[in-house]
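To start, the structure itself, in structure tokens.
Throughout, numbering of the chain's residues begins at 1 and tracks the sequence. None of the values given here were measured: they were computed from a predicted structure.
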Amino acid sequence: MSSSSSHRRTSHTQRRVAAVALVGVSALLAAAVQSGAASAAPQKSSLGKINRGSLAVQLTPSQRAELIRDADAAKAATAKDLGLGAKEKLVARDVIKDADGTVHTRYERTYAGLPVLGGDLVVDTTKAGKTERVVKATRATLEVASLTPAIAASKAEKQALSVAKADGSKKTDADRAPRKVIWAADGKPTLAYETVVGGFQDDGTPNQLHVITDAVTGKKLYEYQGIETGIGNTQYSGQVTLTTTQSGSNYTLTDGARGGHKTYNLNRGTSGTGTLFSQTSDTWGNGTTSNAATAGADAHYGAAETWDFYKNTFGRSGIKNNGVGAYSRVHYGNAYINAFWDDGCFCMTYGDGAGNADPLTAIDVAGHEMSHGVTSNTAGLNYSGESGGLNEATSDIFGTGVEFYANNASDPGDYLIGEKIDINGDGTPLRYMDKPSKDGGSADNWSSSVGGLDVHYSSGVANHFFYLLSEGSGAKVINGVSYNSPTADGLPVTGIGRDKALQIWYRALTTKFTSTTNYAAARTGTLAATGELYGTTSAEYTAVQNAWAAVKVGSRPGGGGGGTSFENTGDVSIPDNGAAVTSSIAVTGRTGNAPSNLLVDVNIVHTWRGDLVVDLLAPDGTVYPLKPFSSSDSADNVQETYTVNASSEVANGTWKLRVQDKAAQDTGYINSWKVTFP
């Protein structure tokens, strides 16, 4: 789910927010320099043999608008085709068109006129107009017992203000009155209030805290932060070429070649647009903080490189893919150690760092923060739990892509995040993609508890996956930087190259991910994207499987150590507090009995795994317990590999995975499962 205005944070601060935002504001660094047409060094393509029909075509703003109008005109028929209820309506939000004519339309949903948070979905249609695939943020049936709240809106507002104050918010006040919504992002759809709290966070970042309150019980259901934290003589990129605009005898930092992007000076302010950089000379800054235009040059340059990266790599025209440029604001606040993207103003904002000595305007920071805007306008990954980690990782991944794309000798491409801005004060980067745990807090691999981490730490799983997919495991030196990436299973991973990895991640983000995508679903989505681009029997497809297995998401082909696998990838809905369901696998071609180390890979998507009892059923009906019910196991999903001594069972026959939900209020489905005979 995405919010119309939000902010994202990229730096680690002392405060840890337990549950934060969906999409919006991001922060980091940016840099810029002098006038002229900003350009990047030509990029050598290494996409190999790719299915060009599955690549997105570059749409003009008018073509994109026409496709959205067409989707809106047909939305009633689409809702009917999808089997949505009479009270449900679709609202077309975004569209991607492939070279083969396939159209991926992203919709929001309403129920009885109320916005459904977590109700987004993507519908893929062929050139002939046939619905080919639907990806939903929730599989729950949209239905609530009543649309009449049992508590007053004022109670929800009071709760939201209390939450904001507990998080350290300053000058806290409700930004707007609570609105009625249907909350469907993490279980059974519920009538709720959404309250947005303004003011400032504890570190000076603008506050845009969204609090979701059950409109019947008054219980807080969710909270997320809407602000997400992420010739010119620049401080970080050396002397660069900037695209500026001449007006009379003055030049301004206005980039007419990139949607009219403008760069403003806030001059220590914390609100408004500030003053557009303007001067009689077309040389901007002197490379130091003594000149206010230095940070302006860095920001302007970072915005140009980000625009060019998306356009030339993916055919995307601007953050919203509509040809419209955002704008940048530098010199925010006093010694503000962060940067952020805000969907509300459609703008990037940069602080000047500790002592106002290190503005957060490096290339990868600019790419990171503006990529939050891309995520907001595509998948809208909820900025909390595993989806929040994926949101942050997406910005790290594309921010890294921007840095490599820029090919700037003063800031060569690397797999380090924020290495130029010295946010730690000791010259170390903010994050490491080859081994995320080197920052002292990020997760190298998935576990059932990773969703409880701050999103800047849970992002480590996807960052590690991307590095392994791009470069592979083990020790190596790239652009003068030494890396040594481990794998969770101790087995090697061979990389496919950064260009291919970026294409796979972008296609998954724009056509497979939704607001509620978690790591299990991200694996499914990236495999689907890889299959479309390179084929399901390709080396690239195997590499994606191996890279995810190396960070403990799913298993390697054949279970990792060789052997024969049998898999069922069909979805099976699990009734809430209902009867057990089964998914079957027919094992054939084996001789004798099953082994004493039969591997059972289970991938279940669920909002409260503790409710579930999971068993393996042998062909003769013998039950092998895999996972018990546990009221204290509050994590999401079941992604585990179990070893079963099945040596007394005949191998050939129908094996079943049996799952039962034994408590109310949480839902899910069997995503896939596999048995491997080593």
Side-chain angles (χ1 to χ4, degrees), residues 445-448 487-491 518-524 526-528 530-531 536-537 541-574 579-606 609 612-629 637-661 668-678:
N445 307 304
W446 184 87
S447 70
S448 60
T487 61
D489 56 9
L491 299 175
N518 55 22
Y519 276 114
R523 177 183 183 273
T524 300
T526 51
L527 282 171
T530 307
T536 57
T537 60
Y541 194 87
T542 299
V544 172
Q545 291 177 303
N546 287 337
W548 277 123
V551 296
K552 289 191 175 180
V553 180
S555 59
R556 293 183 183 243
T564 303
S565 293
F566 301 83
E567 186 172 15
N568 187 336
T569 60
D571 293 349
V572 178
S573 294
I574 303 169
V581 295
T582 60
S583 176
S584 301
I585 290 177
V587 174
T588 59
R590 307 295 298 176
T591 58
N593 284 6
S596 60
N597 60 340
L598 181 70
L599 300 178
V600 184
D601 291 293
V602 178
N603 184 337
I604 297 174
V605 177
H606 201 271
R609 57 176 278 151
L612 302 179
V613 174
V614 183
D615 300 313
L616 175 69
L617 275 59
D620 66 357
T622 302
V623 177
Y624 293 87
L626 301 180
K627 179 198 169 299
F629 173 88
N637 312 321
V638 179
Q639 293 173 312
E640 303 285 348
T641 299
Y642 301 92
T643 302
V644 175
N645 183 354
S647 57
S648 63
E649 305 293 339
V650 174
N652 287 338
T654 300
W655 296 75
K656 295 180 181 179
L657 187 74
R658 183 173 67 188
V659 182
Q660 184 173 13
D661 184 331
Y669 59 97
I670 302 172
N671 189 41
S672 65
W673 74 288
K674 175 169 61 176
V675 289
T676 300
F677 295 78

#### Entry: Atom pair CD (Glu649) and CG (Asn593), whose distance is rounded to the nearest 0.5 Å
8.0 Å
### Query
Where do Tyr669 and Ile604 come nearest, in terms of heavy atoms and distance?
O-CG2, 3.4 Å
## Note on the structure
Minimal heavy-atom distance between Thr542 and Pro557, with the atoms involved, is CG2-CG, 4.0 Å
### Task
Starting from the C-alpha separation in whole Å, work towards a yes-or-no answer on side-chain contact (heavy atoms from CB on, under 4.5 Å) for Ile670 and Asp571.
CA-CA 5 Å; Ile670 302 172; Asp571 293 349; over 6 Å; no
### Query
Tell me, do Leu598 and Thr676 make a side-chain contact under 4.5 Å, heavy atoms counted?
no
### Query
Within the side chain of Lys627, is there an N or O that forms a donor-acceptor pair under 3.5 Å with the backbone of Val659?
no
### Task
Give, for atom OG of Ser448 and atom CG of Asn637, the distance between the pair rounded to the nearest 0.5 Å.
10.0 Å
### Message
What's the separation between atom OG1 in Thr487 and atom CG in Asn445, rounded to the nearest 0.5 Å?
### Response
8.5 Å
### Query
Any luck finding a side-chain donor-acceptor pair between Thr643 and Asn597 under 3.5 Å?
no
### Query
Short question: side chain of Arg523, backbone of Asn518 - any donor-acceptor pair under 3.5 Å?
no
### Message
Contact between Asp489 and Arg556 at the side-chain level, heavy atoms closer than 4.5 Å - yes or no?
### Response
yes
#### Entry: Distance (rounded to the nearest 0.5 Å) between Lys552 NZ and Thr641 OG1
10.0 Å
### Query
Is Pro619 close to Thr654 at the side-chain level, that is, under 4.5 Å between some pair of heavy atoms?
no
#### Entry: Close side-chain approach of Gln639 and Trp446, heavy atoms under 4.5 Å
yes
### Message
Is there a side-chain hydrogen bond (donor to acceptor under 3.5 Å, both in side chains) between Trp548 and Ser555? Walk through the geometry before answering.
### Response
CA-CA 7 Å; Trp548 277 123; Ser555 59; over 6 Å; no
### Query
What's the spacing between Asp615 CG and Arg658 CZ if we round to 0.5 Å?
4.5 Å
## Note on the structure
Closest non-hydrogen atoms of Phe677 and Arg590, given as atom of the first, atom of the second and distance, are CB-NH2, 3.4 Å
### Query
Is the shortest distance from a Lys or Arg side-chain nitrogen in Glu640 or Arg609 to a carboxylate oxygen in the other one below 4.0 Å?
yes
### Query
Ala594 and Ala646: which non-hydrogen atoms are nearest, and at how many Å?
CB-O, 3.3 Å
Side-chain donor-acceptor pairs under 3.5 Å in residues 579-586, sequence neighbours left out?
| from | atom 1 | to | atom 2 | distance (Å) |
| --- | --- | --- | --- | --- |
| Ser583 | OG | Asn568 | ND2 | 3.1 |
| Ser583 | OG | Trp673 | NE1 | 3.0 |

### Partners passing side chain to side chain donor-acceptor pair (under 3.5 Å) against Thr536 (at least two apart in sequence or in another chain)
none
### Message
Quick one, Leu657 and Val614 - any side-chain contact, counting heavy atoms below 4.5 Å?
### Response
yes
### Message
Tell me whether Thr526 contacts the main-chain N or O of Ala522 through its side chain, where contact means a donor paired with an acceptor under 3.5 Å.
### Response
yes
## Note on the structure
So CD1 of Ile574 and CG of Asp661: to nearest 0.5 Å the spacing works out to 7.0 Å
### Query
Does the pair Val638 and Asn603 meet the rule for a side-chain contact (heavy atoms from CB on, under 4.5 Å), with working shown?
CA-CA 6 Å; Val638 179; Asn603 184 337; over 6 Å; no
### Query
Excluding sequence neighbours, so at least two apart, what forms ring-ring contact (aromatic ring centres under 6.0 Å, His included) with Tyr642?
none
### Query
Are side-chain heavy atoms of Asp620 and Val650 found at a separation under 4.5 Å?
no
### Message
When you compare the side chain of Leu612 with that of His606, does any pair of heavy atoms fall below 4.5 Å?
### Response
yes
### Task
Begin from the C-alpha positions of Leu527 and Tyr541 and carry the test side-chain contact (heavy atoms from CB on, under 4.5 Å) through to its verdict.
CA-CA 6 Å; Leu527 282 171; Tyr541 194 87; 3.8 Å; yes
## Note on the structure
Nearest heavy-atom contact between Tyr624 and Ser648 is OH-OG, 3.6 Å
